[in-house]
There are 4 protein chains.
Amino acid sequence: MSPRRRDAEGTAAARAERRAELLGTAAEVFASQGYAATTIRQVADAAGILGGSLYYHFDSKESMADEILSTFLDDMWAAYDRVLDAGLGARETLEAIVVESFRSIDRHRPAVVIYQNESKHLSASERFHYLNDSHRRFEEMWIALLERGVAEGAFRADLDRTLVYRFVRDTVWVAANWYQRGGRLSAEDIAKQYLAMVLEGIQAT
Amino acid sequence: MSPRRRDAEGTAAARAERRAELLGTAAEVFASQGYAATTIRQVADAAGILGGSLYYHFDSKESMADEILSTFLDDMWAAYDRVLDAGLGARETLEAIVVESFRSIDRHRPAVVIYQNESKHLSASERFHYLNDSHRRFEEMWIALLERGVAEGAFRADLDRTLVYRFVRDTVWVAANWYQRGGRLSAEDIAKQYLAMVLEGIQAT
Amino acid sequence: MSPRRRDAEGTAAARAERRAELLGTAAEVFASQGYAATTIRQVADAAGILGGSLYYHFDSKESMADEILSTFLDDMWAAYDRVLDAGLGARETLEAIVVESFRSIDRHRPAVVIYQNESKHLSASERFHYLNDSHRRFEEMWIALLERGVAEGAFRADLDRTLVYRFVRDTVWVAANWYQRGGRLSAEDIAKQYLAMVLEGIQAT
Amino acid sequence: MSPRRRDAEGTAAARAERRAELLGTAAEVFASQGYAATTIRQVADAAGILGGSLYYHFDSKESMADEILSTFLDDMWAAYDRVLDAGLGARETLEAIVVESFRSIDRHRPAVVIYQNESKHLSASERFHYLNDSHRRFEEMWIALLERGVAEGAFRADLDRTLVYRFVRDTVWVAANWYQRGGRLSAEDIAKQYLAMVLEGIQAT
DNA sequence: TATGAATGAGCATTCATTCAT
DNA sequence: CATGAATGAATGCTCATTCAT
């Protein structure tokens, strides 16, 4: 590797790192104040630079949200796909999906919060149509999984399919609102307990 | 009753009715677009009047949100209090609380959506401190109920208390995002199925 | 006519009048400072209101320029069309067109200045494509007129057609840069002298 | 000449050459987009460097315009002065001035365009007062020339002096907007035809 | 009650300019 | 010589709010 090459990679990497750093800051502010209610100056303040300086790195406020959300979704779907391709039974698949979901929350908590709170509004714009696509794929995956589970005798057949889907979906993602990395319970701990509640219920047996 | 008196009451009642009508419209727009992303003009458009005219009825955008949320919370707590005062066992209390929650969603769907999406941000301002109070009371109620249930042998003892609380709380309220009055399932139907899921789990037995 | 009708017309007329008043102010500022170099606040200052208030009347800075230019062009082409439809000889037509051009300058001086200075840049945007259309029609009209004049024996045949077109076109419109209503010479006076120069030249005979 | 001296001259010359190159690029961009509407980045892009790098060569955007315009004006006045010092008759002087004007357009087309479009605005600033001086000198030269021509019996006496001045002045410079080096007609060809039109008129005799 | 014109603070974004490397 | 990250003032525009009618 020539020094020139190393230099070029060095600055490209530094640039990418700075972007990621700023996006992390932006994601946190968007998540805690809401995307619409957050001003670009608040993001810049949190990053320790001036408002205008953000535009050296990003085209617009929207493009920040775009990059935050698509990074999260790409990562999440990669994890989901690994699970779905593993050829597990319905129940094991559900467990693995829930675990991966909590791991996603662990890795991308602010992005998940933004996804939940803002995707309905953002997806109206062309640029965020992939949110709808992801949402549709998500629903199809869950419905198929739940039906397979009923067919395999793993899940109850007496519940409304759509209701169960929504129940599981919301139950998992909403946790992003209170989850804190490094808290009392790890993402895996929480996943285990959530699975116990979702699969077995909370009543004593 | 003098005609004068009747007139006064008539106009006072008419005024209150108009307020309620406008608040209903505002709540729907706030719920569907988000409070911060909604302009006062959009609310006025939806109501068929001009932006400035809303200020005859309300002091500010904030006061609309205030009235929407406090009306909902008052109504919900009245229902909760009736349940809590009925002297039921833990399990029956939980069932009744969940049913009342879905009835609240049925009666105040837009308000519930606003409550979920915006209360975290709104409660920072003095005027909305009652949101924090309500939240705290809510948590205390649920924790106490769950502990009583464990003590009574109705609920499992092997689950993290706080996790169960959050699980049940979120699970119920998030449904406001998709619930539609007059849909396939009534609020009571949904409550029954949610209770089945929460209490017994979704796995086949 | 009902009072209601009169009222509606009254306010509609008042609104149109205010728009025209503001557009006149904007046109003058755009003409004297240049469109790009003029801030919306400068226009507002000249109108005695605040920057934001202009947006009650107009969608954008661009839409002001649009309305200024299209009003001028519509008026000018109406006058041109009256001349072209009158069935005059080439020389008389040229004289009438030049006279109408100076009258247009008299009525729309700032708009003409904006047209000259900014149309090249503005016409890049879709919204201002009609500037290109007008330009093309203008060129066709002049070329046809000059050729007819040569055929009729009214104009010299030894000059480059395109050069003559540009000469006459520029010669007339550029006068908007210094013309002042109520100055020593009226628009018609100037037209007469310009025609003398263009037709007969400035050298002594 | 020591090697050291030659180096210094070499780099100084190289620097001057780079400046001139960059100024040529800047002039073209300013001319085609308008000075105010052109960003320093667009100039830099056109030059193949980054925005900040221009500041190694120039103090400011303004100083680029300054150098572009003053270079053009110095060159033009040098040519004019040669003509004026030649002791020609009024008519021959006018012809020579017009020819030199078109030669200036040929050599400095973008600068001429900038001069026409922006000098009115630029000359407000102290730094560009020489634009006013040039303008005044220009006017005096033309008025004197035209009066001499009338006195010598070369030019018509029945036309408004100021009008003729403006007519000739604008007519010549405006051509910079469409002139293209290497086009069908050379600068001298165009000058000849313009002189024919200005002196003899366009009507058949 | 409602209108419509205006306010004025604030927002996302742009851009000339600086400067350490 | 050039880069690239940052500055900070300014810009077009939005929007909650006011108020005379």
Side-chain angles (χ1 to χ4, degrees), chain A residues 7-8 10-12 14-15 18-19 22 36-44 47-64, chain B residues 11 14-15 18-19 22 36-44 47-64, chain C residues 7-8 10-12 14-15 18-19 22 36-44 47-64, chain D residues 11 14-15 18-19 22 36-44 47-64:
Chain A
D7 265 22
T11 53
R15 186 173 214 144
R18 185 73 174 116
R19 273 180 83 84
L22 293 170
T38 298
T39 73
I40 224 68
R41 276 177 179 83
Q42 287 174 316
V43 173
I49 58 177
L50 288 177
S53 305
L54 278 175
Y55 288 84
Y56 179 77
H57 301 278
F58 304 100
D59 285 343
S60 62
K61 186 185 177 185
E62 221 183 23
S63 77
M64 293 185 218
Chain B
T11 53
R15 172 173 293 191
R18 186 80 176 111
R19 273 180 84 84
L22 291 171
T38 298
T39 72
I40 223 68
R41 255 181 121 139
Q42 287 173 315
V43 173
I49 58 178
L50 287 179
S53 307
L54 277 176
Y55 286 83
Y56 178 80
H57 302 279
F58 304 100
D59 286 345
S60 64
K61 187 185 179 185
E62 225 182 20
S63 76
M64 293 185 220
Chain C
D7 266 22
T11 53
R15 185 175 215 142
R18 185 74 175 117
R19 274 180 81 85
L22 293 170
T38 298
T39 73
I40 225 64
R41 279 174 178 84
Q42 286 174 315
V43 174
I49 58 178
L50 287 177
S53 306
L54 278 175
Y55 289 83
Y56 180 78
H57 301 278
F58 305 100
D59 285 343
S60 63
K61 186 184 178 186
E62 220 182 25
S63 77
M64 292 185 218
Chain D
T11 54
R15 173 174 291 190
R18 186 79 175 111
R19 272 181 84 85
L22 292 170
T38 297
T39 71
I40 223 69
R41 254 181 119 139
Q42 287 173 315
V43 174
I49 58 177
L50 287 180
S53 306
L54 278 175
Y55 286 82
Y56 178 80
H57 302 277
F58 305 100
D59 286 345
S60 64
K61 188 185 178 186
E62 227 182 19
S63 77
M64 292 184 219

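Both backbone and side-chain heavy atoms feed into the values below; hydrogens, waters and symmetry mates do not. Here is the naming used below: chain letters follow the sequence lines, and residue numbers restart at 1 for every chain.
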Working to the nearest 0.5 Å, report the span between [atom1] of [X] and [atom2] of [Y].
X: B/Leu50; Y: B/Arg41; atom1: CG; atom2: CZ; answer: 7.5 Å
X: B/Lys61; Y: B/Leu54; atom1: NZ; atom2: CG; answer: 11.5 Å
X: A/Met64; Y: A/Tyr55; atom1: CE; atom2: OH; answer: 5.5 Å

According to side-chain hydrogen bond (donor to acceptor under 3.5 Å, both in side chains), who are the partners of [X], at least two apart in sequence or on a separate chain?
X: D/Tyr56; answer: D/Arg15
X: A/Arg19; answer: A/Glu67
X: A/Gln42; answer: A/Gln33

Practice task
Take C/Glu62 and D/Leu22, find for each the nucleotide of DNA chain F with the closest heavy atom, and name the residue whose nucleotide sits nearer the 5' end.
Solution key: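 Result of the comparison: D/Leu22.
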Completion exercise
Sorted by position of nearest nucleotide on DNA chain F, 5' first, the leading residue of A/Arg18 and D/Arg18 is D/Arg18
Problem - Span of DNA chain E in contact with chain B (heavy atoms, under 4.0 Å) - result: E/dT1 to E/dG4
Problem - Within residues 47-58 of chain B, residues whose heavy atoms come under 4.0 Å of DNA chain F - result: B/Gly52, B/Tyr55
Practice task
Spell out yes or no: do the side chain of A/Arg15 and the base of F/dG4 have one donor N/O and one acceptor N/O closer than 3.5 Å?
Solution key: no
Exercise for the section: Could you tell me whether B/Ser63 contacts a base, only the sugar-phosphate backbone, or nothing, with contacts defined as non-hydrogen atoms closer than 4.0 Å? Expected result: nothing
Handout entry: Closest approach of D/Asp59 to D/Ser63 (non-hydrogen atoms, all atoms of both residues)
Key =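 Heavy-atom minimum between the residues: N-OG, 3.5 Å.
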Handout entry: Secondary-structure stems for DNA chain F, with pairs counted as Watson-Crick or G-U when both distances are under 3.5 Å and runs at least 3 long
Key =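 E:2-21 with F:2-21 - these are the stems of 3 or more pairs that involve DNA chain F.
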